[in-house]
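In what follows, chains are A, B, ... by sequence order, proteins preceding strands, each numbered from 1. The figures here come from the full heavy-atom set of this structure, side chains too, leaving out hydrogens, waters and symmetry mates.
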2 protein chains.
Amino acid sequence: MIQLAKELGLSVSTVSKALGDSHEISASTKKRVLELAKKYKYKPNPFASNLRKKKGKQIAVIIPDIVNNFFALAVDGIESVTMSKHYDTFIYLTHENLEREKAVLEHLESGLISGLIISVCTGREGYAHFQEFYETTKLPIVFFDRVPDLLQFPKVISNNYESSFDATARLIKAGSKRPVLITTTEPMFTSMERRRGYQDALEKHGIVFTDEMIIHCTDDMALNYTILRKIFSQKKRPDGIFASIEKYAITSYEVCKDLKLSIPKDVKVIGMTNLRTAALLNPSLSTLSQPAFDMGKEAAGLLIKMIEKKSYAAANDIIVLPNELTIRDSI
Amino acid sequence: MIQLAKELGLSVSTVSKALGDSHEISASTKKRVLELAKKYKYKPNPFASNLRKKKGKQIAVIIPDIVNNFFALAVDGIESVTMSKHYDTFIYLTHENLEREKAVLEHLESGLISGLIISVCTGREGYAHFQEFYETTKLPIVFFDRVPDLLQFPKVISNNYESSFDATARLIKAGSKRPVLITTTEPMFTSMERRRGYQDALEKHGIVFTDEMIIHCTDDMALNYTILRKIFSQKKRPDGIFASIEKYAITSYEVCKDLKLSIPKDVKVIGMTNLRTAALLNPSLSTLSQPAFDMGKEAAGLLIKMIEKKSYAAANDIIVLPNELTIRDSI
DNA sequence: TGCTTTTACGAAAACGTTATAGGAAAAAAG
DNA sequence: CTTTTTTCCTATAACGTTTTCGTAAAAGCA
């Protein structure tokens, strides 16, 4: 910038203002500055700029996993808007590790970013770190999908309760007398909502709910296989599955295949997943899929609004997008 | 930091040096400073620090797509090392758009990052922007998977030639008399290598190669379907497929399903893919998969080495990792 | 005309660090 | 006991912007 100023016979402050399109600078000067800046491919140093302005155009995305179609799609959605708004996007993966999540948050208290999008990892022992992060930084945060139900922050979610109700109802209508729900051991708001939908659908259709109808799976795929295989080897095995997590649908398929249980004759399956190959599975998998890309878009849009308009009181905004039920051959 | 200095009765520079573990500061003073810093949860402002040091702990990853198991796994690998080395990772998606790729590169010339990991988008019309980026910034760059063959930069790739040769040979040994290669219209170094492997395997096994045996597909899934359906509707249709791109294997399956061609009886298929559901497709898909996570890890490791040891002359390093051929029912 | 207001710019301070140079006291060397 | 070296710390100047404030000239107004 000093170089530019010298060459144009202007002061550094004038050049800075011209580049910032300030009203204090005449149109002709602005033009001269812009032209020379372009010629020299001048790019303002973001560190200097951020330091002085005490904020930048960087945001962070914290998610449990990226090797998961839902989160990959969400990141895609987020990036599509940060890109168009000329923001830079940091990515951090927690791998369902709460300590890691806390560490990232603490790291970000340094002021590296101007906003945060997050989908929390499993376990509900504590959301205090989010509150604390907010207290110390006052930075806008948007939660999506896996949201902390008790905290007052803007959120982007999908209609887990309603759609789970519908999915379960479809299983029952298709003939399942005793559909089970496969969910996580670690409680999460999203899973609880799905469970509510599931249970209410049972009740509505006069099916008595018992605790064994909830199957808790883990992060360990091999263990999940064992758990499911045991349950489906029983004489009085379930005849329907609502797999409320992407990977559990896959394991269900594997178990049924190995136990020579026919889908959908012996077991009807609906999986909550964004897998692109669902239609190509054997048999094609009926899915309840989340609008992942749009959820990402909405979250990023909301966040940037909050960053740019300080007045924007979005603190309690909750955006709910609809899941999509696609019935295929597995039911 | 001023606050800390005041409270400890020290100068700001002493505090800074103590936090930086400088040898100029006595152990006792260091301890005092560290303790108070911890108590106050002091975090150095990265902008000020980066500005003064003229470099930071941020890197960028530029990839064509994230909704693709290969790239998702690669990002996972990259993040695993940047995380452990306390680097922050920006992510940019080009969606195979060269203009977007150029724009990102130009944006990064501002000095926001200290290093770059990239997998280029399709089309080979120009790699000049990479060279130019390097000339102006002198920043370390590591390419992975989709690398510009003609440029002298460190690269992390997989053994595309050899593994494609092997995969094609397996198709032939399984009985395919006329296996085709499905590849992109846009030429890329990786696809060319795969093609070389394919052709050499044909030659080795005495199969005469003709141009129609290369099927060019696009980014448009619907168009790909049309292209493939037409080819497989012919009387003299191919009896084997080596799908050198993830999504083309899926479309192949769809086409065969719709044309009632039996896999593997009528058509034998091997797909180059990292899909986790490959084993669950109907029939289970034989795959040639890339060590995506490890490629990401290697790329990030190499980059950070280059960033931290200025002397490290890695400019010509090429790391080659082996692909993995998994034979399932589709062959 | 003389007054106020607006326009267009410059000087200088600030943002929060780190690096360089320097210096006093303490320790070591002679 | 001097002289030299080492240890430990401070003052100050960067780093490259933006912002605040000041001011000369031009414009508006009566």
Can you sort out the partners of [X] under side-chain hydrogen bond (donor to acceptor under 3.5 Å, both in side chains), two or more places apart, ordered by chain and number?
X	value
B:E35	none
B:R32	none
B:T184	none
B:Y92	A:D88

Item checked: Terminal axes of the helix from C:dT1-D:dA30 to C:dG30-D:dC1 (five pairs each): angle between them, nearest 10 degrees ->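 Terminal axis comparison yields 40°.
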Notebook entry, point to check: For residues 44-53 of chain A, which residue pairs qualify under side-chain hydrogen bond (donor to acceptor under 3.5 Å, both in side chains), counting only residues two or more places apart or in two chains?
Noted result: A:N50-A:Q58
Output a table of donor-acceptor pairs, distance under 3.5 Å, between side-chain atoms of residues 67-76 of chain B and any protein atom two or more places apart or on a different chain; print 'none' if there are none.
{"residue": "B:N68", "atom": "OD1", "partner": "B:F70", "partner atom": "N", "Å": "2.8"}
{"residue": "B:N68", "atom": "OD1", "partner": "B:F71", "partner atom": "N", "Å": "3.4"}
{"residue": "B:D76", "atom": "OD1", "partner": "A:H95", "partner atom": "NE2", "Å": "3.1"}

Check: Taking only residues at least two apart or on different chains, which pairs with a member in residues 126-136 of chain B satisfy salt bridge (charged side-chain N to carboxylate O under 4.0 Å, His left out)?
Finding: A:K41-B:E132, B:E135-B:K138
Next item on the list: Hey, could you give me each pair passing salt bridge (charged side-chain N to carboxylate O under 4.0 Å, His left out) that has a residue in residues 3-24 of chain A? Not counting sequence neighbours.
Entry: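 Residue pairs passing salt bridge (charged side-chain N to carboxylate O under 4.0 Å, His left out), neighbours aside: A:K17-A:E24, A:D21-A:K30.
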Sub-4.5 Å side-chain heavy-atom contact between [X] and [Y]:
X	Y	value
A:I25	A:V33	no
A:I157	A:F143	no
A:L108	A:F90	no

Item checked: Positions of residues 22-29 of chain B (non-hydrogen atom under 4.0 Å from DNA chain D), listed by number -> B:E24, B:I25, B:S26, B:T29
Item checked: Backbone of B:L93 reached by a side-chain donor or acceptor of B:R100 within 3.5 Å ->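 Pair found, side chain donor or acceptor close to backbone of B:L93.
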Notebook entry, point to check: Where does the chain B footprint on DNA chain C start and end, counting 5' to 3' with a 4.0 Å heavy-atom cut-off?
Noted result: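 So the outermost contacting nucleotides come out as C:dG16 to C:dA21.
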Next item on the list: Classify the nucleic acid contact of A:G9 as base, sugar-phosphate or nothing, counting any heavy atom under 4.0 Å across all strands shown.
Entry: sugar-phosphate
Pairwise N/O distances under 3.5 Å, protein to nucleotides 16-19 of chain D:
{"residue": "D:dG16", "atom": "OP1", "partner": "B:K54", "partner atom": "NZ", "Å": "3.0"}
{"residue": "D:dG16", "atom": "N2", "partner": "A:A48", "partner atom": "O", "Å": "3.4"}
{"residue": "D:dT17", "atom": "OP1", "partner": "A:Y42", "partner atom": "OH", "Å": "3.1"}
{"residue": "D:dT17", "atom": "OP1", "partner": "A:N45", "partner atom": "N", "Å": "3.4"}
{"residue": "D:dT17", "atom": "O5'", "partner": "A:Y42", "partner atom": "OH", "Å": "3.0"}
{"residue": "D:dT18", "atom": "OP2", "partner": "A:S16", "partner atom": "OG", "Å": "2.5"}
{"residue": "D:dT18", "atom": "O2", "partner": "A:R52", "partner atom": "NH1", "Å": "2.6"}
{"residue": "D:dT19", "atom": "O4'", "partner": "A:R52", "partner atom": "NH2", "Å": "3.3"}

